[in-house]
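One structure is given below, encoded as structure tokens.
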Amino acid sequence: MEKTYKPQKSESKIYSLWEKGGYFTPAIDYTKLPFVIIMPPPNANGVLHIGHAVFVTLEDIMIRYHRMKKDPTLWLPGADHAGIASQVAYEEVLSKQGKSRFDLGREEFYKQIYDFTRRNREIMESQLKKLGASCDWTRKKFTLEPQISKAVYHTFKKMYEDGLIYRGKRIINWCPRCGTALSDLEVKYEERTTKLVFIKYPIVDSEDFIIVTTTRPETMLGDTAVAVNPKDKRYKELLEKEIQVQLPLVGRTIPLIADERIEPEFGTGAVKVTPAHDPVDFEIGEQHQLPIIEVIGKDGKMTEKAGKDYAGLEVISARKKIIKNLQEQGLLAKQEDYFHAVGTCDRCHTIIEPLVSEQWFVKAKKIAEPALKVVRQKKIRFIPSHYEKIFFHWMENIKDWCISRQIWWGHRIPVWYCQCGEILVDVKKPETCPKCRKSSLRQDPDTLDTWFSSGQWPFIVFGWPEETKDYKYFYPTTVMETGYDILFFWVARMIMMGIYCTGKIPFKYVYLHGLVRDKDRQKMSKSKGNVIDPLGVVDLYGADALRMALVFGTSPGRDVIVSEQKIIAQRRFANKIWNAARFVLYHLQEKTDFLEAKQKDLRLTKKDRWILSELNSTIDRVNRSFQNFRFHQAAEEIYNFFWHKFCDQTIEDIKKRLFKGKNPQDKLTGRWVLHRVLSTSLKLLHPFMPFVTEEIYQMLPGKPKKALIIEDWPKRQTFFK
RNA sequence: GGGCGGUUAGCUCAAUGGUUAGAGCGCGAAUUUGACGUAUUCGAGGUUACUAGUUCGAGUCUAGUACCGCCCACCA
């Protein structure tokens with residue numbers, strides 16, 4: 001054995017030993033309940049980062065533990081096409097070549113991005129292996145493969161027929177850069193300083209004005225009313241008179257209306273109403289039946305309806321021009337600095353334009369109710385449990401979910417339009433229109449929100465809606481382990497869609513981990529230059545050290561702090577295990593009589609009995625920690641036991657006996673204790689540090705199994721004198 | 001505006017109402033020991049943010065205060 005542990009020499013060899021053994025594929029056993037984790041499919045638009053290493057570590061720990069406990073254990077790997085994210089990523093690649101997706105055309109673009117994601121998937125797969133992920137590669141899935149697409153279409157059709165999916169012209173979040181609608185969740189609010197503008201709107205047949213307050217003066221061109229709170233005394237008289245005001249610069253007259261939603265304390269208490277470009281105004285407009293005048297287009301520029309002075313201008317330049325023109329006409333009351341949150345695109349940080357547009361929506365409230373119910377009934381448990389409250393709060397206030405995206409990369413919406421006006425929803429293109437019998441059907445050009453498909457992941461990976469053997473045995477799954485940052489995006493949707501589609505909860509436990517931060521608690525990002533590349537760490541210090549560093553000193557739901565120091569500390573531990581084993585194996589190989597030794601052959605000392613009892617209580621504590629999803633605690637227990645009890649005390653103690661002892665029975669006992677404690681420790685350590693423990697196990701004399709990965713999880717054992 | 005967390009050693013974090021509140025790193029000292037210098041041994045370092053309560057017993061439970069962080073949200 002080498003003097004120090006060299007992970008580079010063992011890891012790939014060990015991984016292929018496991019792969020060749022077929023240990024990652026569970027045997028279906030109807031007499032047993034399976035333990036199942038569906039891997040959160042990494043986005044196929046890049047390589048793995050440290051955040052992925054966190055989920056690999058946590059999930060692999062659970063998987064290896066349950067596999068050793070002899071539960072039929074399945075960890076199903078996959079990859080996500082990640083609609084907008086991948087399209088944005090590939091458009092960046094193209095723009096470096098001076099091209100856009102329009103230069104390629106839809107078909108070619110799709111083909112290229114497919115290749116791009118396929119290459120990434122191959123890299124990711126090899127990276128997962130380097131991290132030691134013991135997932136079942138025979139069952140790996142990709143969200144855009146035909147069988148998955150078919151299931152996604154099936155769900156769309158089912159929901160459409162059940163009236164849960166509808167098409168409507170409503171106000172949505174539009175990213176002018178990505179050129180697509182977004183769901184509310186994909187809008188990130190960023191605090192910015194802008195101007196709060198006070199504009200005088202002249203009252204018709206009067207010398208007076210109403211001063212409105214706005215942060216978006218350019219949208220005034222599309223105003224169709226001015227609104228105040230009905231309880232606002234300042235405007236009581238004007239409301240009673242049912243006055244009209246004249247829209248500055250445009251000249252149109254618009255009514256003064258009353259609406260409860262207007263806060264009298266804000267600005268002057270009077271607000272312009274632009275149903276086409278503000279979500280609240282849209283609602284007010286619907287209620288008061290106001291016309292919708294769209295003055296900003298999907299390109300982020302002013303439209304024809306904005307008038308010839310402004311048409312074609314970017315929003316920002318239109319704003320400047322409007323302020324200037326208002327000022328010239330003496331209609332600008334004042335301007336002040338204003339600090340508030342503006343919606344930006346989650347992917348590209350461009351300011352979101354609320355626009356009225358025809359899109360597909362899911363009636364979320366309907367499917368949210370049963371999801372809320374099962375969590376309230378504790379049929380699904382969150383770890384840590386306080387995320388339940390966060391989940392409730394979001395689910396109780398859920399709004400309709402816009403699922404159509406004007407991008408090319410993703411599942412194309414399974415809807416066909418006929419010239420006769422008929423809308424056909426099906427899993428595949430209908431031959432002819434059943435109404436007019438024409439065959440010139442045109443498919444909806446849009447694609448589905450990525451989360452619409454990933455929301456079905458826990459069951460479509462098993463071939464649902466077919467009642468496959470896998471589906472029947474492995475679904476519902478056991479644990480959904482993922483980051484808290486996608487609780488709403490993903491977890492909530494999986495629960496809703498799981499119950500809706502299959503009538504079953506998709507998983508029993510939701511374990512949420514935190515974000516990875518550096519030792520100064522900074523989020524890791526390329527621009528900050530503080531990213532830790534997990535594969536670089538593996539090459540330098542070994543996968544075991546990385547895994548242990550990611551679990552040590554963390555707790556569920558809390559952010560994970562990693563530093564190189566912490567990884568180095570765990571590499572030292574791997575080396576400690578190695579060297580302890582080196583010592584023990586040296587003595588075990590000398591004489592293997594301990595393998596046949598019965599209890600009566602042994603003469604256990606007080607210290608021997610102490611370490612055996614410590615081993616027992618370590619097993620108990622580790623088991624308890626596993627039951628409570630406290631993996632860090634389990635890791636720390638074994639670390640402490642192995643290093644500070646077994647190495648520091650027992651090995652030092654038995655060392656004397658083996659070198660200087662005269663009595664062969666004492667020596668045999670020493671070897672027996674060393675073997676017993678080392679081999680049990682290897683099992684306890686294996687879920688956390690699979691490589692070094694397997695490497696040592698392979699050298700263990702009289703090993704009962706071909707590999708440690710399929711060993712039996714240790715049980716407490718009682719020894720008498 | 002609403003909600004959810006956090007505040008424990010110099011730093012980053014653990015701790016299921018129950019011994020003397022623990023790790024890692026860092027710091028100080030010793031040790032070349034027959035597995036390990038990527039080491040070992042020993043040590044210093046804490047009013048568990050603050051105030052009041054519940055309890056035989058509180059870092060842990062309750063209420064409040066102060067800071068810090070995150071999430072959600074239609075003050076335009």
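Within every chain, numbering begins at 1; the chains are lettered A, B, ... in the order of the sequence lines, protein sequences first and strands thereafter.
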### Query
Starting at the 5' end of RNA chain B, what dot-bracket string do you get if Watson-Crick and G-U pairs under 3.5 Å are bracketed, crossing pairs use [ ], other-strand pairs use | and unpaired bases use dots?
(((((((..((((....[...)))).(((((.......))))).....(((((..]....))))))))))))....
Check the distance between [N]'s [atom2] and [X]'s [atom1] and give it to me in whole angstrom.
| X | N | atom1 | atom2 | result |
| --- | --- | --- | --- | --- |
| A/Asp485 | B/rG5 | CG | C1' | 16 Å |
| A/Arg558 | B/rU7 | CZ | C1' | 10 Å |
| A/Lys667 | B/rG34 | NZ | C1' | 13 Å |
| A/Gln649 | B/rU40 | CD | C1' | 13 Å |
| A/Met1 | B/rA35 | CE | C1' | 9 Å |
| A/Arg630 | B/rA23 | CZ | P | 18 Å |
| A/Arg624 | B/rA15 | CZ | C1' | 13 Å |

### Task
For A/Glu336, check side-chain contact (heavy atoms from CB on, under 4.5 Å) against everything at least two apart and list the hits.
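Applying side-chain contact (heavy atoms from CB on, under 4.5 Å) to A/Glu336 gives A/Leu196, A/Phe198, A/Lys334.
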Base, sugar-phosphate or nothing for [X]? Non-hydrogen atoms, less than 4.0 Å.
| X | value |
| --- | --- |
| A/Lys660 | base |
| A/Tyr586 | nothing |
| A/Lys389 | sugar-phosphate |
| A/Ala569 | sugar-phosphate |

### Message
Is the ring pair A/Phe646/A/Phe641 parallel, tilted or perpendicular, if the boundaries are 30 and 60 degrees?
### Response
parallel
### Query
Angle class for the A/Phe642/A/Phe573 ring planes (parallel below 30°, perpendicular above 60°, tilted otherwise)?
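Ring orientation of A/Phe642 relative to A/Phe573: perpendicular.
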### Query
Looking at residues at least two apart in the chain, or sitting in another chain, which of them share a side-chain hydrogen bond (donor to acceptor under 3.5 Å, both in side chains) with A/Asp281?
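Applying side-chain hydrogen bond (donor to acceptor under 3.5 Å, both in side chains) to A/Asp281 gives none.
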### Sequence-aligned protein contact record of nucleotides 69-76 of chain B, with B where the base is within under 4.0 Å of a protein heavy atom and S where only the sugar-phosphate is
--SS-BBB
## Note on the structure
When A/Ile561 and A/Ile651 are each assigned the nearest nucleotide of RNA chain B, the 5'-most assignment goes to A/Ile561
### Summary
Sorted by position of nearest nucleotide on RNA chain B, 5' first, the leading residue of A/His644 and A/His587 is A/His644
Give me the distances for all protein-to-nucleotides 58-64 of chain B N/O pairs that come in under 3.5 Å?
none

### Message
Taking salt bridge (charged side-chain N to carboxylate O under 4.0 Å, His left out) as the definition, give me every residue that meets it alongside A/Asp346, ordered by chain and number, with sequence neighbours left out.
### Response
none
#### Entry: Those residues that, when tested against A/Asp620, pass salt bridge (charged side-chain N to carboxylate O under 4.0 Å, His left out) (two or more places apart)
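Once residues adjacent in sequence are excluded, the partners of A/Asp620 under the salt bridge (charged side-chain N to carboxylate O under 4.0 Å, His left out) criterion are A/Arg716.
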Side-chain donor-acceptor pairs of residues 548-562 of chain A under 3.5 Å, sequence neighbours excluded:
unit_1, atom_1, unit_2, atom_2, d
A/Thr554, OG1, A/Val551, O, 2.9
A/Asp559, OD1, A/Tyr484, OH, 2.9
A/Asp559, OD1, A/Leu515, N, 2.9
A/Asp559, OD2, A/Arg517, NE, 2.5
A/Asp559, OD2, A/Arg517, NH2, 3.1

### Message
If the condition is ring pair (Phe, Tyr, Trp, His ring centres under 6.0 Å), which residues does A/Phe361 pass it with, not counting sequence neighbours?
### Response
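So A/Phe361 forms a ring pair (Phe, Tyr, Trp, His ring centres under 6.0 Å) with A/Tyr166.
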### Query
Quick one: does A/Lys3 reach the base of B/rC36 with a side-chain donor-acceptor pair under 3.5 Å?
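By the distance-only test, no, there is no pair.
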### Query
Has the side chain of A/Gln633 got a donor or acceptor atom sitting under 3.5 Å from an opposite partner on the base of B/rA23?
no
### Query
Is the distance between the ring centroids of A/His340 and A/Tyr189 less than 6.0 Å?
no
### Aromatic centroids of A/Phe631 and A/Tyr511 separated by under 6.0 Å
yes
Nucleotide N/O of nucleotides 29-33 of chain B paired with protein N/O under 3.5 Å:
none

### Task
Taking only the side-chain nitrogens and oxygens of A/Lys576, find out if one of them lies under 4.0 Å from OP1 or OP2 of B/rU40.
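A/Lys576 to B/rU40 OP1/OP2: side-chain N or O found under 4.0 Å.
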### Message
Whether A/Trp643 contacts B/rU40 is assessed here as follows: a side-chain N or O lying under 4.0 Å from the phosphate OP1 or OP2. Is that the case?
### Response
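It does, given that an N or O in the side chain of A/Trp643 lies less than 4.0 Å from OP1 or OP2 of B/rU40.
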### Query
So, A/Asp666 and A/Lys656, do they make that salt bridge, N to O below 4.0 Å?
no
#### Entry: Members of residues 218-231 of chain A that approach RNA chain B, where some heavy atom sits under 4.0 Å away
none
### Residues touching RNA chain B, which here means a heavy atom under 4.0 Å, drawn from residues 538-548 of chain A
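When residues 538-548 of chain A is checked for heavy atoms under 4.0 Å from RNA chain B, there are no hits whatsoever.
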#### Entry: Minimum-distance pair of heavy atoms, taken over all atoms of A/Asn229 and A/Ile262
ND2-O, 2.7 Å
### Message
Please give the distance between the C1' atoms of B/rC42 and B/rA49 as a whole number of Å.
### Response
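That atom pair is separated by 33 Å.
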